[in-house]
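What you see below is based on every heavy atom in this structure, not just the backbone, and it leaves out hydrogens, waters and symmetry mates.
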Amino acid sequence: MTFLHRISRPWAAVIIAALAAAFAARADSVNTRELQVRELARGVYTIRHPDPTDDFPDGNTTVVVGDREVLVVDTCYLPSSADADIGRIRGWTDKPVRWVLNTHWHNDHVGGNQRYRLAWPGAEVVGHDETRRMVDARVRSYVRRFVAPDSTFGRQREALRRTAQTGVDEKGAKVDAAARSAAAASLARLERAVAEFRDVVIEPPSVTFETGLRIDLGGRVVELKHLGRGNTGGDVVAWLPAERILIAGDLVDHPVPYAFGGYPGEWIATLDRLAALDPALVVPGHGEPLRGKGYIERVSALLRNVRDQVNELLARHGGGFTLEEVQKSIDLTEARRLFAGEDADNREFFDASIAGLVRSVYAEARAR
């Protein structure tokens with residue numbers, strides 16, 4: 001399950017199966033196979049990438065062009081995706097990329113860092129101090145495990161290979177021609193990732209900060225802000241004050257929040273600070289650009305709802321109330337409808353995400 005890197009809690013293994021099922025669902029609104037490029041303002045472009053594998057979504061990349069130099073926000077999961085974006089940037093401007101921001105440490109936001117440094121040797125990768133630590137500690141390890149044939153990832157590829165070649169799945173059941181074809185296609189995407197990861201050079205941010213950094217690109221100012229922890233311990237957003245464009249990383253994902261781990265109590269306050277900027281446009285870490293702050297406020301309300309219900313249940317029943325009992329008792333029917341609608345795949349994704357969120361909130365409450 002290649003989304004394990006997102007879960008920074010000891011219970012990660014417990015919810016691998018749920019996450020695998022969620023990402024295997026191919027909802028265009030959650031995951032995408034089509035490249036989508038939009039110009040949000042003069043010289044501000046956002047790129048929504050096709051997912052590199054069936055169980056790993058790719059993050060958005062945003063490009064901000066100034067009169068003198070360029071800022072790129074987030075660099076994809078695979079180096080080849082970053083290379084394609086570099087080609088697009090060269091078509092948009094002859095200005096050099098001077099800054100590459102990692103909004104946080106997750107693989108799908110840092111995988112192409114080195115490619116930008118090779119394309120523009122003067123470029124600096126910038127991020128929070130915690131992002132640098134986590135890229136060193138977690139991303140390098142992830143890549144090693146991904147390419148290893150005896151890892152969970154290697155066994156996943158072998159199971160797909162058997163299904164594609166023999167028509168028998170990992171449980172020994174026969175599958176039809178369509179399933180064999182799907183297994184072969186999924187395996188091909190994973191093997192492509194393996195081939196790239198064998199040669200990848202992981203570069204963490206070379207310039208780090210704790211609270212913020214102001215960058216003047218020439219006629220355009222971008223403010224990098226760490227407004228608190230949320231999805232990770234080092235979340236950074238890019239704020240274009242003149243255009244009121246907020247590039248939010250995985251603090252904000254659409255249409256369903258990626259709430260599998262993180263710091264839910266602090267995340268609420270961080271989202272409130274984002275909303276206080278009163279953005280005209282929000283670029284989420286995943287999903288399409290959003291108008292206004294309404295969606296940020298909805299995500300904050302969801303986190304509050306979960307927190308309040310968990311706290312109430314523990315207060316009413318005492319510390320012996322188990323996680324499983326909490327999960328059965330929480331009612332998120334309306335929130336599920338609001339975020340996932342009637343789409344079955346979005347609902348499955350919502351359920352997996354919220355299961356991780358409830359675990360995080362429960363752990364924080366018990367720790368207090």
Side-chain angles (χ1 to χ4, degrees), residues 2-3 6 22-65 70-93 97 100-104 106-112 115-116 185-186 189 192-193 196 231 237-238 240 243-258 279-296 299 339-341 343 345-346 349-350 353:
T2 58
F3 206 66
R6 288 193 177 279
F23 283 111
R26 304 309 309 166
D28 287 341
S29 50
V30 172
N31 298 334
T32 182
R33 287 286 184 217
E34 296 182 0
L35 178 75
Q36 300 172 17
V37 179
R38 289 181 58 182
E39 186 171 13
L40 304 179
R42 181 190 58 82
V44 181
Y45 306 88
T46 187
I47 308 166
R48 189 179 180 194
H49 303 92
D51 296 335
T53 67
D54 284 343
D55 51 6
F56 208 116
D58 214 343
N60 292 335
T61 293
T62 302
V63 179
V64 184
V65 181
V70 178
L71 164 73
V72 174
V73 181
D74 289 334
T75 66
C76 303
Y77 180 71
L78 294 178
S80 60
S81 299
D83 287 341
D85 287 347
I86 288 167
R88 294 182 186 97
I89 294 168
R90 292 194 191 279
W92 293 331
T93 181
V97 171
V100 177
L101 169 65
N102 294 151
T103 58
H104 59 296
H106 291 159
N107 304 43
D108 51 315
H109 298 261
V110 306
R115 308 307 297 177
Y116 284 91
S186 181
R189 286 186 282 272
R192 174 191 169 201
E196 293 200 38
N231 188 262
V237 302
L240 281 62
E243 298 85 356
R244 292 175 49 228
I245 295 175
L246 176 67
I247 307 164
D250 280 0
L251 285 168
V252 181
D253 292 306
H254 182 268
V256 178
Y258 287 25
L281 283 174
V282 179
V283 180
H286 299 265
E288 62 186 9
L290 307 163
R291 292 196 175 277
K293 61 183 179 181
Y295 183 77
I296 297 174
V299 175
F339 285 94
D343 185 284
D345 292 330
N346 281 355
F349 190 96
F350 179 87
S353 176

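A donor-acceptor pair is defined here as one N or O able to donate and one able to accept, closer than 3.5 Å; no such pair exists between the side chain of Tyr77 and the backbone of His106. Looking only at distances, no side-chain donor or acceptor of Glu39 sits under 3.5 Å from a matching main-chain atom of Val44. A donor-acceptor pair is defined here as one N or O able to donate and one able to accept, closer than 3.5 Å; no such pair exists between the side chain of Asn102 and the backbone of Val110. Looking at Thr61, its side chain does come within 3.5 Å of a backbone N or O of Asp74 through a donor-acceptor pair. Side-chain N or O atoms of Asp51 include none that pairs as donor or acceptor with a backbone N or O of Thr53 at under 3.5 Å. Judged by distance alone, with hydrogens and angles left aside, the side-chain atoms of Thr75 form no donor-acceptor pair with the main-chain N or O of Ala82 at under 3.5 Å.
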*asked:* For His49 and Asp108: C-alpha separation, side-chain torsions, deciding distance, then whether side chain to side chain donor-acceptor pair (under 3.5 Å) applies.
replied: CA-CA 10 Å; His49 303 92; Asp108 51 315; over 6 Å; no
*Could you check Val63 against Val70 for side-chain contact (heavy atoms from CB on, under 4.5 Å), going step by step and ending with a plain yes or no?*
CA-CA 7 Å; Val63 179; Val70 178; 3.7 Å; yes
*From CA spacing to verdict: side-chain contact (heavy atoms from CB on, under 4.5 Å), Arg48, Val37*: CA-CA 6 Å; Arg48 189 179 180 194; Val37 179; over 6 Å; no
*How far apart are the C-alpha atoms of Asp58 and Leu78, what are their side-chain angles, what is the distance that settles it, and do they pass the side-chain contact (heavy atoms from CB on, under 4.5 Å) test?*
CA-CA 9 Å; Asp58 214 343; Leu78 294 178; 5.8 Å; no
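When all heavy atoms of Gly59 and His109 are compared, the closest pair comes out as CA-CE1, 4.0 Å. For Arg189 against Pro52, the heavy-atom pair with the smallest separation is CB-O, 3.5 Å. Considering every non-hydrogen atom in both Ala280 and Glu243, the closest pair reads CB-O, 4.3 Å.
For Arg88, the CZ atom counts as densely surrounded, since its 6.0 Å shell holds more than 12 non-hydrogen atoms of other residues, nucleotides or ligands.
Asn107 places a side-chain heavy atom less than 4.5 Å from the side chain of Phe56. Contact annotation: the side chain of Thr62 never approaches that of Ile47 to less than 4.5 Å [non-hydrogen atoms, C-beta and beyond]. Annotation: side chain of Tyr116 is in contact with side chain of Ile86 (closest heavy-atom distance under 4.5 Å). Inter-residue side-chain proximity for Val72 and Ile89 is flagged as met; some heavy-atom pair is nearer than 4.5 Å. Thr103 has its side chain out of reach of Val237: every pair of non-hydrogen atoms, C-beta onward, lies at least 4.5 Å apart. Looking only at side-chain heavy atoms (C-beta outward), Pro284 and Asn60 come within less than 4.5 Å of each other. Counting heavy atoms from C-beta on, the side chains of Val282 and Tyr295 never come closer than 4.5 Å. Put simply, the side chain of Ile247 reaches to within 4.5 Å of the side chain of Val64, judged on heavy atoms.
One distance of note links CG of Asn231 with CG of Asp250; it measures 5.0 Å at 0.5 Å rounding. Here Asp253 contributes atom CG and Phe349 contributes atom CZ; the two are 7.5 Å apart, rounded to the nearest 0.5 Å.
Ring orientation note: the planes of Phe350 and Phe339 are close to parallel, at an angle under 30° on the 30°/60° scale.
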